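Each chain gets a letter, A, B and so on, in the order its sequence line appears, and its residues count up from 1. All figures in this text were calculated on a predicted structure; none of them were measured in a lab.
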Number of protein chains: 2
Amino acid sequence: MYDVMVNIKSVLKEQGFKLTSQRRATLEVMLKNQDKHLSADEIYVEVKRTNPEIGLATVYRTVLLFEELGIISKHNFEDGRNRYELSHPEENHDHHHLICLKCGGVSEVEVDLLGALEGIIDKKHSFKVVNHKVKFYGLCSKCR
Amino acid sequence: MYDVMVNIKSVLKEQGFKLTSQRRATLEVMLKNQDKHLSADEIYVEVKRTNPEIGLATVYRTVLLFEELGIISKHNFEDGRNRYELSHPEENHDHHHLICLKCGGVSEVEVDLLGALEGIIDKKHSFKVVNHKVKFYGLCSKCR
DNA sequence: ATCTTTGCAAATGCTTTGCACATTC
DNA sequence: GAATGTGCAAAGCATTTGCAAAGAT
């Protein structure tokens with residue numbers, strides 16, 4: 001995998017933001033947990049292991065900044081808090097999520113397949129789609 | 001349009017719930033605002049016009065019950081509160097929403113077109129899809 | 001008569017904000 | 001050195017909950 005950190009550093013610089021140790025640490029936590037969907041509080045707990053002085057408010061601010069920069073994306077899985085994951089650099093749209101109604105497990109879908117639908121939306125509603133958030137609710141392989 | 005109220009009444013009865021004036025009033029507000037996506041507080045304000053004695057907590061409880069019964073569906077448009085709309089009785093899945101990133105307007109998409117994708121999800125992940133929530137973010141006809 | 005539902009107010013819990021101090025560039 | 005970023009504690013706000021009274025079947 002290429003050096004995400006170097007890339008992010010230049011993204012921040014370009015936009016006039018500073019690369020602080022808190023931001024670096026937060027990004028490292030996201031990199032290490034690419035398979036998970038962490039809440040702000042969970043990120044906070046993880047970051048605290050290397051940067052014990054960090055405050056929860058900083059995590060919230062960092063996560064907001066990263067989302068605005070397109071580095072991470074925010075998801076709501078109806079559990080009362082927002083959850084975050086690193087954006088896959090090769091994707092131009094968010095990937096879909098499968099949410100099990102029984103065990104609550106969340107997994108990812110790699111296929112997009114929304115091109116036809118977005119074409120229709122463009123034609124019928126003249127709405128220019130930039131991104132999408134797609135969640136499928138149902139029963140996972142273990143629970144069905 | 002057929003008599004939704006009669007239908008709901010029997011749904012409630014079947015499950016052992018009572019048809020109270022608060023529930024009837026809440027349902028009437030949802031019926032009158034089928035084109036909108038009301039928050040609990042907005043429903044509360046509307047219901048108060050005919051039932052001034054209702055409490056906000058009751059609206060929250062009613063909205064939760066109606067969602068569990070499949071009468072209404074809950075959506076999160078990232079504005080800090082949940083929003084509700086009457087389920088279209090002829091749909092077996094939630095319809096999709098278009099959210100304008102500029103003006104914040106929300107509109108509906110009548111086509112589903114997720115059959116192929118759900119078929120793939122079943123085969124590849126052996127995940128049985130029951131419902132979906134699909135939001136497209138972009139620019140509406142006025143704002144693009 | 002019994003079990004459910006409601007209103008009120010208080011509690012909960014995530015997220016945001018004000019401000020003085022610290023840190024990057 | 002100037003502007004941005006941080007930590008802490010307090011505030012904000014949507015939603016939930018406990019409880020005694022009211023209502024539905």
**Message:** Heavy atoms only, 4.0 Å cut-off, all strands: where does B:D41 land among base, sugar-phosphate and nothing?
**Reply:** nothing

**Request:** Let me know the distance between OH of B:Y44 and C1' of D:dC13, rounded to the nearest Å.
**Result:** 15 Å

**Asked** Taking for each residue the nucleotide of DNA chain C with the nearest heavy atom, is it B:S21 or B:K18 whose nucleotide lies nearer the 5' end?
**Response** B:K18

**Prompt:** Which whole-number value in Å describes the distance from A:K74 NZ to C:dC14 C1'?
**Reply:** 12 Å

**Asked** Within the pair A:N82 and C:dC14, is there a side-chain N or O less than 4.0 Å away from OP1 or OP2?
**Response** no

**Request:** Assign A:R61 to base, sugar-phosphate, or nothing according to its heavy-atom contacts below 4.0 angstrom with the strands shown.
**Result:** base

**Request:** Please determine if B:R144 and A:D122 form a salt bridge, counting it only when a charged side-chain N lies under 4.0 Å from a carboxylate O.
**Result:** yes

**Asked** Taking the six-membered ring for Trp, is the centroid-to-centroid distance between B:F77 and B:H37 below 6.0 Å?
**Response** yes

**Asked** In whole Å, what is the span from the CG atom of B:D79 to the P atom of D:dA14?
**Response** 10 Å

**Request:** State whether the side chain of B:K135 and the backbone N or O of B:N76 hold a donor-acceptor pair below 3.5 Å, judged by distance alone.
**Result:** yes

**Length of the CG-C1' vector between B:L65 and C:dT4, whole Å** = 11 Å

**Integer-rounded Å distance: D:dT6 C1' and A:E53 CD** = 10 Å

**Asked** Taking only N and O in the side chain of B:Y60, is any of them less than 4.0 Å away from OP1 or OP2 of D:dT15?
**Response** yes

**Asked** For C:dC14, does OP1 or OP2 lie under 4.0 Å from any side-chain N or O of A:S39?
**Response** no

**Asked** Is there a donor and acceptor pair closer than 3.5 Å between the side chain of A:K13 and the base of C:dC25?
**Response** no

**Complete:** Result for 5'-nearest mapping on DNA chain D, choosing between A:L56 and B:A57, is A:L56

**Message:** Return whichever of A:I54 or B:T20 has its heavy-atom-nearest nucleotide of DNA chain D closer to the 5' end.
**Reply:** A:I54

**Asked** Just how far, in rounded Å, is C1' of D:dA24 from NZ of B:K9?
**Response** 11 Å

**Message:** What is the distance, to the nearest angstrom, from the CD atom on A:E78 to the C1' atom on D:dA14?
**Reply:** 14 Å

**Asked** Taking only N and O in the side chain of A:Q22, is any of them less than 4.0 Å away from OP1 or OP2 of D:dG7?
**Response** yes

**Prompt:** Does a donor on one side chain and an acceptor on the other come within less than 3.5 Å for A:H95 and A:E110?
**Reply:** no

**Prompt:** Salt bridge check: are A:R83 and A:E42 linked by an N-O gap of less than 4.0 Å?
**Reply:** yes

**Prompt:** What is the distance from CG of B:N51 to C1' of D:dA22, rounded to the nearest Å?
**Reply:** 15 Å

